[in-house]
Amino acid sequence: VQLQASGGGLVQPGGSLRLSCAASGSGFSINNMGWYRQIPGKQRELVATITSGGSTKYADSVKGRFTISRDNARNTVYLQMNSLNPEDTAVYYCNAYLLFPQVSGTKEYRYWGQGTLVTVSS
């Protein structure tokens, strides 16, 4: 099982980017998914999360600018980022809690994508 993130790049202030993260493999369902970001030398911080039912939460710093969504049929989570500013520059990581049915009951495991760099600069 892997989480593959894509969509990062260089964008000017005020611009937009859309990140995607797809879970590959089989034998699981997906619970919560989310996006985090990390600036070198700082702790990884939560950006947004989405439940399997579509409920969302956002960091105060991105509310009104970023939108998280998911396509359950494609095991994919998205992050639409608008009105980007230089403070949004970071490596963005996707995250998902995968549920595996087992004889002893369902087990939940947390997976991380490899990170995709977003640079906001003129």
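Since the model is a prediction, treat every value here as computed from it, not as a measurement.
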Is there a side-chain contact (heavy atoms from CB on, under 4.5 Å) between L46 and K57 once you walk through the steps? CA-CA 10 Å; L46 173 69; K57 289 186 179 179; 5.8 Å; no

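- Between F100 and F28, a ring centre-to-centre spacing shorter than 6.0 Å is recorded.
- Checked against a 6.0 Å centroid threshold, the rings of Y36 and W112 count as neighbours.
- Cluster annotation: Y93 and L117 are assigned to the same hydrophobic cluster (Ile/Leu/Val/Met/Phe/Trp/Tyr, side-chain heavy-atom contacts under 4.5 Å, transitive).
- Counting heavy atoms from C-beta on, the side chains of W35 and V77 come closer than 4.5 Å.
- At a threshold of 4.5 Å between non-hydrogen side-chain atoms, the residues N85 and P13 do not count as touching.
- Neither V47 nor V91 shares a network with the other; the hydrophobic side chains, linked directly or stepwise wherever heavy atoms of I, L, V, M, F, W or Y lie under 4.5 Å apart, form separate groups for each.
- Using a 4.5 Å heavy-atom threshold, the side chains of L79 and F66 count as touching.
- A single hydrophobic cluster is not seen to contain both Y111 and L99; linkage of ILVMFWY side chains at heavy-atom distances under 4.5 Å, directly or through other members, places them apart.
- Across all non-hydrogen atoms, the minimal contact from S6 to T116 is C-OG1, 4.3 Å.
- In this structure, the side chains of L98 and K107 stay at 4.5 Å or more apart for every pair of heavy atoms.
- Counting all heavy atoms, side chain and backbone alike, V11 lies closest to L84 at CG1-CD1, 3.6 Å.
- For CD of Q43, the number of neighbouring non-hydrogen atoms (other residues, nucleotides, ligands) closer than 6.0 Å is 12 at most.
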Between N32 and T51, is the side chain to side chain donor-acceptor pair (under 3.5 Å) condition met? List the steps. CA-CA 4 Å; N32 293 356; T51 68; 5.0 Å; no

